[in-house]
Structure formats: structure tokens, C-alpha cells
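Here is the structure we will look at, set down as C-alpha cells.
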Amino acid sequence: MPTKSKLHPRNQHTEGYDFERLVAQTPELEGFTRRNPVGVTTINFQDDKAVRMLNRALLKTHYQVDYWDIPENYLCPPIPGRADYIHYLADLLAGGPTKDSPRGPQIKVLDIGTGANLVYPLIGQSEYDWHFTGVDIDPAAIKSAQNICDINKLDIALRHQNQRKNVLNGVIKPQDAFHITMCNPPFHASIEEAHKGTQRKWRNLGKGHSKKLNFGGQNAELWCPGGEFQFIASMIRESKAYAKQCLWFSSLVSKKDNLQPLLKLLKNAEVADFKVVEMAQGQKLSRFLAWTFIQKRQRSMFGKTKHK
């Protein structure tokens with residue numbers, strides 16, 4: 001299996017997919033496997049059912065999630081890239097990749113747009129035992145996520161964001177203290193743009209034309225007014241009100257062209273510090289932007305004083 005050298009060193013998927021191990025854990029996956037032209041076992045990534053079964057097997061094999069499923073047409077995310085975000089956040093909280101990552105439920109994480117799939121909390125809780133609060137604007141997504149929690153007996157809090165114009169407002173409570181917020185924002189400004197992005201991706205992968213959105217996805221998952229930039233801009237603007245309640249705010253930035261305008265917004269917001277962390281996300285390079293209003297000398301005391 002080819003090595004994905006760009007993945008984080010602690011990522012369990014750096015060696016690719018071990019289909020023999022995955023099928024042993026989830027026998028139903030075998031019916032979706034096939035040999036590619038060079039004889040390597042794979043699946044058809046344009047087949048929604050195959051991708052969902054692969055994710056089910058990955059989550060069970062690597063992250064001890066016995067049950068996982070999502071409603072039809074909801075986003076089915078690539079697990080290795082999602083795991084990378086979690087591991088790089090652990091490095092951020094540790095103060096560097098060579099330092100011990102913080103572990104345990106005393107580390108509180110807010111996942112904005114957790115989705116029906118709940119993948120970030122599932123990975124983060126398994127790898128680091130962090131406590132997650134997942135937020136989503138879609139009631140059906142919250143229902144699906146709650147079902148995953150209930151069946152697996154997981155302690156993950158879920159909150160419904162009922163105001164489409166808000167990102168953080170209304171879901172961070174006065175008593176909350178989060179060590180980090182994370183977000184995979186909708187990257188397109190319209191469904192038309194989402195479809196064009198999907199076709200471009202399939203062409204780049206040499207898969208030809210597909211009418212399907214990549215890995216599925218509902219409105220709130222893939223597109224929103226103003227697209228990725230406007231979503232993160234709103235998050236930056238709202239984050240000032242929670243400056244003392246969150247140690248680090250963060251968001252994936254899929255489109256590199258959005259980075260400089262967002263950095264300008266952070267400068268105007270007078271943050272204490274920010275970081276741009278490059279990483280792999282599936283088949284492409286990606287990055288996340290992180291910022292804090294808390295001075296470095298005060299960060300080690302976060303969560304130990306006012307907010308518990």
C-alpha cells in the first residue's frame with residue numbers, strides 16, 4: 001500500500017487502507033471491494049454505499065465505533081483527512097508537535113457543523129479522550145448524530161444552532177469554556193458552485209464525469225451565502241464576544257485565496273496570536289486557521305480559574 005507521507009505522523013492512515021484488516025472487522029465491506037488495474041484492493045469512490053461502508057469499517061477498526069451510519073445524501077467525509085485536523089489541533093494545544101498532547105475529558109472541544117456523521121468527535125474522543133460538544137443548524141443532522149451517540153453510549157453533547165446567520169452566537173453558553181473550537185465550513189456559495197467543484201475534483205482524480213456531489217452533502221454542509229469566506233469571517237467577528245471562554249478558535253480554510261483576506265480580518269480583530277497550519281485533507285493540501293485572544297503567558301491557566 002502506498003504511503004501517504006503528507007498525513008500527520010500520528011494519523012493511523014499513513015499507510016493507506018488495510019482492506020484485509022477492515023474486512024475482518026466489517027465483513028460487509030468485502031462486497032464493495034475490487035482490484036484496480038495494478039492489482040491493489042480498493043472500492044469505487046463514486047459509489048455512495050461503498051464509501052459509507054468503508055467509513056463504517058474505518059471507524060470500527062481504528063476508533064472503536066461499533067455503530068455508524070448517516071441518512072441518505074448526507075456528507076460522507078474521508079476519514080484520514082478528518083483525523084489529520086484532530087492531530088494537528090492536539091499539537092496546537094500542546095504547544096508544538098514534539099510535546100505531549102493533552103489528553104482526557106477535561107479538554108473541551110466545540111465542533112461547529114458537526115454534521116450527521118459526527119466524525120470529528122468520534123475520532124477525537126477515541127484518540128485523545130477529549131470531551132466534545134457538537135453543533136449543527138440541521139435538526140436531521142443532530143438527530144442522526146444523537147443516534148450514533150446513543151447506540152455507542154458516547155458522552156458527546158449536541159446543540160442545535162437555530163439562527164442561520166449565527167456561527168458561535170447562541171451555542172456558546174455563559175458557563176462554557178472550550179480549549180478549542182473547530183470547524184469544516186461550507187466552502188461553496190451556491191449549489192451550482194458545489195456541483196462545479198465536484199466535477200473538477202472527479203476530473204483531477206481521473207474519474208471522468210459524475211452527476212453526484214462528492215461524498216454527498218446537504219445545503220448546510222456544502223454551501224451557504226457568501227461561501228467559506230463569509231462563514232469564517234462571521235466566526236472571526238463573533239469570536240471576540242467569547243475571547244475569554246475559548247482558548248483557541250479554528251477553522252479549515254479550503255480555498256487558499258481566502259487566507260490573506262481572513263488574516264486581515266484577524267489583524268483588525270486584534271487577536272493575541274494566530275497560526276496557519278498546513279496539512280493534508282484527502283487528496284489535496286489544505287490548512288486550518290487558528291486564533292486566540294489570550295496571551296501566551298496566560299494560556300496554561302485556561303479553564304482552571306473562572307470557567308470550569
Write down the atom of I70, the atom of R52, and the distance for their closest heavy-atom approach. O-NH2, 2.9 Å
Residue that, paired with V109, satisfies side-chain contact (heavy atoms from CB on, under 4.5 Å) out of I86, I180, T133, I156: I180
Are R159 and D176 ion-paired here, with the side-chain N under 4.0 Å from a carboxylate O? yes
Carefully, step by step, assess L252 and R287 under the rule side-chain contact (heavy atoms from CB on, under 4.5 Å). CA-CA 6 Å; L252 290 176; R287 66 213 53 85; over 6 Å; no
Indicate whether the side chain of Q125 and that of D129 have a donor and an acceptor atom separated by less than 3.5 Å. no
Are any side-chain N or O atoms of N152 and backbone N or O atoms of I148, one a donor and one an acceptor, separated by less than 3.5 Å? yes
Just by distance, with hydrogens left out, do T181 and W248 show a side-chain donor and acceptor under 3.5 Å apart? no
Decide yes or no for S144 and Y74: does some side-chain heavy atom of the first lie under 4.5 Å from some side-chain heavy atom of the second? no
F288 CZ to L92 CG distance, which is reported to the nearest 0.5 Å: 5.5 Å
Working to the nearest 0.5 Å, report the span between NZ of K165 and CD1 of I137. 10.0 Å
Determine the minimum heavy-atom distance between H131 and P105, stating which atoms define it. CB-O, 3.5 Å
Centroid separation under 6.0 Å, is that true for the rings of Y63 and H13? yes
Regarding E127 and Q12, do their side chains bring together a donor and an acceptor under 3.5 Å, going by distance alone? yes
Is it true that D66 and K60 have a side-chain N and a carboxylate O under 4.0 angstrom from each other? no
Reported CZ-to-CG distance for the pair R82 and N117, which is rounded to 0.5 angstrom: 7.0 Å
Would you say that D155 contacts F132 through its side chain, given a criterion of any heavy-atom pair below 4.5 Å between the two side chains? no
Does a salt bridge link E72 with K49, judged by any charged N lying under 4.0 Å from a carboxylate O? no
Between C149 and L158, the two heavy atoms sitting closest are SG-CD1, 4.4 Å
With distance as the sole test, does Q295 use its side chain to make a donor-acceptor pair with the main-chain N or O of R297 at under 3.5 Å? no
Lys/Arg N to Asp/Glu carboxylate O, R10 vs D84, below 4.0 Å: no
With rounding to the nearest 0.5 angstrom, report the CD1 to CG distance, I142 to D136. 5.0 Å
Tell me, do L289 and S250 make a side-chain contact under 4.5 Å, heavy atoms counted? no
What is the distance from atom CZ of R164 to atom CG of D138, rounded to the nearest 0.5 Å? 8.5 Å
Y85 to C183 - nearest heavy-atom pair and separation: OH-N, 3.2 Å
Spacing of OG1 belonging to T33 relative to CG belonging to L22, to within rounding of 0.5 Å: 10.5 Å
Where does the angle between the aromatic ring planes of H8 and Y88 fall among parallel (under 30°), tilted (30 to 60°) and perpendicular (over 60°)? perpendicular
Taking the basic N atoms (NZ, or NE/NH1/NH2) and the acidic carboxylate oxygens, is any pair closer than 4.0 Å for K296 and D273? no
Y17 and F19 aromatic ring geometry - parallel, tilted or perpendicular at 30°/60° bounds: perpendicular
